[in-house]
Amino acid sequence: MSGVRPVDIDELARRSGVSAATVSRALNGRPEVSAATRARIVALAAELGYRPNASARTLASRRSGLIGLLWDTDYRSGGRQHPFLQEVLIGLKAALSDRGQGLILLPIVPPDDEDGYVRLARQYTLDGIVMMGVDQHTPQVRALLATPVPCVGLDLALDGPRTASVGSDNRTAAADAVAHLHALGHGRIATITGPLDLWPAAERLAGFRAELARRRLRRRPGYEVTGDFFAASGAAGMRRLLDLPTPPTAVFVAGDAMAIAAMRAAADAGRTVPGDVAVVGFDDIDAAAMVRPGLTTIAQDYRRFGTTAAAVLAELAAAPATEPSRSVLLPTRLVVRESSGGTAT
């Protein structure tokens, strides 16, 4: 009723003439309460504007409706913004809201606190955790993955009783980049990778190598340069490639920030893109369409990362804890611009 102050369970019990336990049983449809008593309590609860206490419901069900986000930046990032965090969060929050769940950002626990994340999961009675940019091999994360709490890693390979990983199909995407460059007439194709201890970077290199082999293209000495997903390593990698006795005519760069810096390094060395060296990146960040020449790249659907993570968490919560960890791979899309020399799409 409009203008009526909501009552708590004790007041509802007093006005109903029964105990608070009986009110609780009636509102939860327990068989111990007669149909007549239940009907009377339900009607009075509606009339008085009764709202169940959220904390009490959590304690009773051991579910809070909260999902934790565990996100850390790599130590090399120097506080730089994650290139697609906002899009992931938009998709994740929207999907969780549709399920009546909320999202909280978890603090990063110190290295010597091995039970820190387990304690946080219990403190907030979390229904699940989404992880980004963390080291899954640390004792704190390993301890969390060993619990029944559902955990989903974004671009992060997890292993535990209720774990899954969500990421792009990086192998196929890298193969698409090589196929595109080969179709444009390139046979000397090099790559600048991300850090190879990270799942996406390792998968992109594997896809690059597999497509070279499939097309019977040589893996030339010096044609694989390791970067770190940040711009400076892209520039340094391009300089190394251009200094080779036989430099590549095309480079697949495993991240757009590196690719844009690589194009600038080529220009600084007096080379044209794509005339002297074609470039394909990965991510399709906003800057990819703004630089000149426009960067041909692999587009990822970052909002889908978030929506898929929410769906997978719900599946993990309902599945037996004995199910093996699994990976969900999302499709990517080749966006052709000027940097590869192809026809823009």
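Just so you know, these numbers come straight off a predicted model, no measurement behind them.
- Interatomic distance, Leu120 CG to Thr125 OG1, rounded to the nearest 0.5 Å: 11.5 Å.
- By the criterion of side-chain heavy atoms lying less than 4.5 angstrom apart, applied directly or through intervening Ile, Leu, Val, Met, Phe, Trp or Tyr residues, Leu313 is not grouped with Leu329; the two fall into different hydrophobic clusters.
- Side-chain atoms of Ser168 and Gln300 form a donor-acceptor pair, as typed in the model, at a separation below 3.5 Å.
- Residues Trp199 and Val134 do not share a hydrophobic cluster, defined by chaining ILVMFWY side chains whose heavy atoms lie under 4.5 Å apart.
- Although no hydrogens or angles enter the test, the distance criterion places no donor-acceptor pair under 3.5 Å between the side chain of Asp113 and the main chain of Pro111.
- The pair Arg219-Glu224 meets the salt-bridge criterion, with a side-chain N (NZ, NE, NH1 or NH2) lying under 4.0 Å from an Asp/Glu carboxylate O.
- In this structure, Met258 and Phe282 have side chains that are not in contact, with every pair of non-hydrogen atoms separated by 4.5 Å or more.
- Salt bridge absent: Arg162 and Glu315 never bring a charged side-chain N and a carboxylate O closer than 4.0 Å.
- Within the model, atoms CG of Leu198 and CD of Glu203 stand 12.0 Å from one another, a figure rounded to the nearest 0.5 Å.
- A continuous path of Ile, Leu, Val, Met, Phe, Trp and Tyr side chains, each step under 4.5 Å between heavy atoms, connects Leu66 with Ile108, placing both in one hydrophobic cluster.
- Residue Arg240 qualifies as open at atom CZ: its count of foreign heavy atoms under 6.0 Å is 12 or below.
- With 3.5 Å as the limit, one finds no donor-acceptor pair spanning the side chains of Asp284 and Thr297.
- Between the side chain of Thr249 and the backbone N or O of His186 there is no donor-acceptor pair closer than 3.5 Å.
- Relative to the ring axis of Tyr223, Arg188 does not place its NZ or CZ within 45° and under 6.0 Å from the centre.
- Taking CG of Asp115 as the reference point, atom CD of Gln140 lies at 9.5 Å (rounded to 0.5 Å).
- Heavy-atom neighbours of Asp243 CG from other residues, nucleotides or ligands within 6.0 Å: above the threshold of 12.
- In the model, Ser340 has a side-chain atom that pairs as donor or acceptor with a side-chain atom of His180 under 3.5 Å.
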